[in-house]
Amino acid sequence: MKPRHFLHSSCASILLLLCGCPNGAGGGLGEDGSSGIDLTATGMVTSGTATTAVDADSGVMTSEGTTKGPTTTSPDSTDDGPPPECREAADCDDRVFCNGAEDCLQGECVPGEPPTCDDGHECTTDACDDARGMCTHEPDDSLCGCGETCDPQEGCGNHCVISTCQGQVYQCGNCIDDDGDCGIDFHDDDCWGPCDNNEGGWKGNVPGQQNQSECNIMDCYFDANSGAGNDDCYWSHSCDPLEPTDCNYNPNYNLPGTPLGCAELQMMQSMECLDVCGPLVPNGCDCFGCCEVQVGMNTVTVYLGSVDANGVGSCNIDVVEDPAACNPCTQVGSCLNTCETCELCLGQQELPPECEEQDCPPGLQACGLPGQDPCPAGQACVTGCCVPNPQ
């Protein structure tokens with residue numbers, strides 16, 4: 001170890017920046033007459049609150065401890081407050097349509113304005129649907145005048161397109177409320193199609209239409225002519241054990257024009273019959289006018305062409321549960337258009353609550369419910385579906 005006096009002799013060169021030299025070596029004195037430097041036997045130099053250590057071998061000085069004084073803050077650690085709540089409107093979107101579109105203003109989310117769903121039509125019930133992200137306008141025909149229906153775009157009016165049957169216009173296709181019950185054509189419970197000339201009942205009343213030979217031979221009930229052969233549909237009420245229209249039941253009855261017996265016709269009708277008559281058959285009916293009708297919680301199966309003692313049609317929606325007015329019948333399974341849950345069926349103007357829209361065969365437009373478009377020209381609405389007018 002070098003002698004301690006080496007420190008004193010080297011003060012000017014080693015401690016020039018850190019301390020003053022001792023008295024007699026050019027250093028300044030403290031208030032107590034000292035040099036302000038404490039040279040200890042351990043090689044520590046104390047100045048203020050900082051302690052400087054001197055390596056006795058190398059003469060290099062190191063410091064430890066703390067130095068009091070004002071502090072400064074790094075630019076990177078500047079405290080500007082909490083971060084903004086949002087930077088753009090998308091940061092505020094709560095994914096709820098009906099409370100409006102939220103926005104971001106000066107870093108804070110602000111609520112939006114709820115959409116205005118009023119369409120200006122008094123016959124529609126307006127609502128906001130969050131699930132579908134849209135306003136809905138449910139039409140209510142009961143809010144319109146007699147014979148009018150409610151269109152969600154146009155409001156109340158006679159929104160109807162005339163339908164024809166083999167080029168003729170009959171009561172159930174003329175867009176007129178013929179019986180004064182405020183129901184027009186397919187909106188009338190007693191209309192089953194454009195070949196029905198009777199808004200007051202289910203007997204077609206078209207001249208030449210099948211209504212006289214039920215015990216002998218029948219063809220398609222829903223076209224405009226009687227007799228068999230033009231559509232290849234065959235049936236007789238003589239084959240029906242329920243004996244509608246007072247026919248005598250005969251399971252072995254031989255129908256004129258066909259080699260098939262009652263049991264075979266019950267199981268099979270030709271493709272021609274299905275192609276010609278099938279599109280005209282209302283939901284719930286067979287080709288021969290035997291129809292299943294829902295009345296409250298009950299279901300009855302009746303012959304639409306039932307007549308009274310004077311030969312006048314007696315069956316309609318109001319008396320459908322009266323077997324004297326609406327004769328019970330057995331449906332022909334080989335030519336039957338069943339009534340499914342979500343289909344509009346004969347005498348039915350609304351669907352069960354679990355159905356949003358009626359079912360129709362692929363490619364056919366739905367019709368008949370409030371707010372639905374009328375069928376296009378050349379087509380008729382038959383129990384909820386648009387079909388070509390009979391030719």
Hydrophobic cluster membership, [X] vs [Y], 4.5 Å side-chain cutoff:
X	Y	answer
Val332	Met267	no
Phe186	Leu364	no
Tyr221	Val293	yes
Leu265	Val276	no
Leu274	Met268	no

Check: [Y] and [X] side chains under 4.5 Å, non-hydrogen atoms:
X	Y	result
Ile184	Ile176	no
Cys160	Pro374	no
Pro328	Val300	no
Ile317	Trp202	yes
Thr301	Cys290	yes
Val281	Cys277	yes
Pro244	Ser306	no

_Passing option when Pro194 is tested against Asn174, Leu280, Val382 for side chain to side chain contact (heavy atoms under 4.5 Å, CB included)_ = Val382
Report yes or no: is the SG-SG distance between [X] and [Y] under 2.5 Å?
X	Y	value
Cys172	Cys191	yes
Cys220	Cys233	no
Cys182	Cys146	yes
Cys342	Cys355	yes
Cys291	Cys285	yes
Cys273	Cys287	no
Cys123	Cys144	no
Cys381	Cys367	yes

*asked:* Would Leu143 and Cys150 count as a side chain to side chain contact (heavy atoms under 4.5 Å, CB included) here? Give the steps.
replied: CA-CA 8 Å; Leu143 300 176; Cys150 181; over 6 Å; no
Atom of [X], atom of [Y] and distance for their closest heavy-atom approach:
X	Y	result
Gln348	Leu351	NE2-CA, 4.1 Å
Asp151	His121	O-CD2, 4.4 Å
Tyr170	Asp196	CB-O, 3.8 Å
Gln266	Trp235	NE2-CH2, 3.8 Å
Glu102	Ala89	O-CB, 3.9 Å
Thr245	Glu214	OG1-CB, 3.8 Å

Are side-chain N/O atoms of [X] and [Y] paired as donor and acceptor at under 3.5 Å?
X	Y	result
Ser238	Asn250	no
Glu138	Thr136	no
Asn216	Tyr253	yes
Glu292	Thr299	no
Gln365	Asp373	no
Gln358	Gln372	yes
Asn99	Asp94	yes

*Kindly determine whether Asn327 and Cys315 satisfy side chain to side chain contact (heavy atoms under 4.5 Å, CB included), including the steps that lead there.*
CA-CA 8 Å; Asn327 305 150; Cys315 190; over 6 Å; no
*By ring pair (Phe, Tyr, Trp, His ring centres under 6.0 Å), which residues pair with Phe222, not counting sequence neighbours?*
Trp192
To the nearest 0.5 Å, what is the distance between [atom1] ([X]) and [atom2] ([Y])?
X	Y	atom1	atom2	value
Ser236	Phe288	OG	CZ	10.0 Å
Asp275	Asp232	CG	CG	10.5 Å
Asp359	Glu340	CG	CD	8.0 Å
Cys345	Gln294	SG	CD	8.5 Å
Cys215	Asp246	SG	CG	7.5 Å
Asp318	Asp190	CG	CG	6.5 Å

*Would Ser163 and Val169 count as a side chain to side chain contact (heavy atoms under 4.5 Å, CB included) if you check the C-alpha gap in whole Å, the side-chain angles of each, and the deciding distance to 0.1 Å?*
CA-CA 7 Å; Ser163 301; Val169 178; over 6 Å; no
Whether over 12 other heavy atoms sit under 6.0 Å from [X] [atom1]:
X	atom1	value
Glu356	CD	no
Asp308	CG	yes
Glu350	CD	no
Glu108	CD	no

*Going by the salt bridge (Lys or Arg N to Asp or Glu O under 4.0 Å) test, which pairs reach into residues 112-130, not counting sequence neighbours?*
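Non-adjacent pairs meeting salt bridge (Lys or Arg N to Asp or Glu O under 4.0 Å): Asp129-Arg132.
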*asked:* Between Asn337 and Asp286, is the side chain to side chain contact (heavy atoms under 4.5 Å, CB included) condition met? List the steps.
replied: CA-CA 6 Å; Asn337 181 7; Asp286 67 11; over 6 Å; no
Check: residues 383-391 side-chain donor-acceptor pairs under 3.5 Å, at least two apart:
unit_1 : atom_1 : unit_2 : atom_2 : d
Thr383 : OG1    : Asn283 : N      : 3.1
Asn389 : OD1    : Ala380 : N      : 3.4
Asn389 : ND2    : Thr164 : OG1    : 3.4
Asn389 : ND2    : Gly378 : O      : 3.3
Gln391 : NE2    : Asn389 : O      : 2.9

*Can you list the steps and then say if Thr149 with Asp141 is a side chain to side chain donor-acceptor pair (under 3.5 Å)?*
CA-CA 5 Å; Thr149 57; Asp141 290 345; 4.8 Å; no
*Centroid separation His237 to Tyr249 less than 6.0 Å*: no
*Kindly indicate, with the supporting measurements, whether the criterion side chain to side chain donor-acceptor pair (under 3.5 Å) is fulfilled by Asp189 and Gln349.*
CA-CA 7 Å; Asp189 288 331; Gln349 295 295 324; 3.0 Å; yes
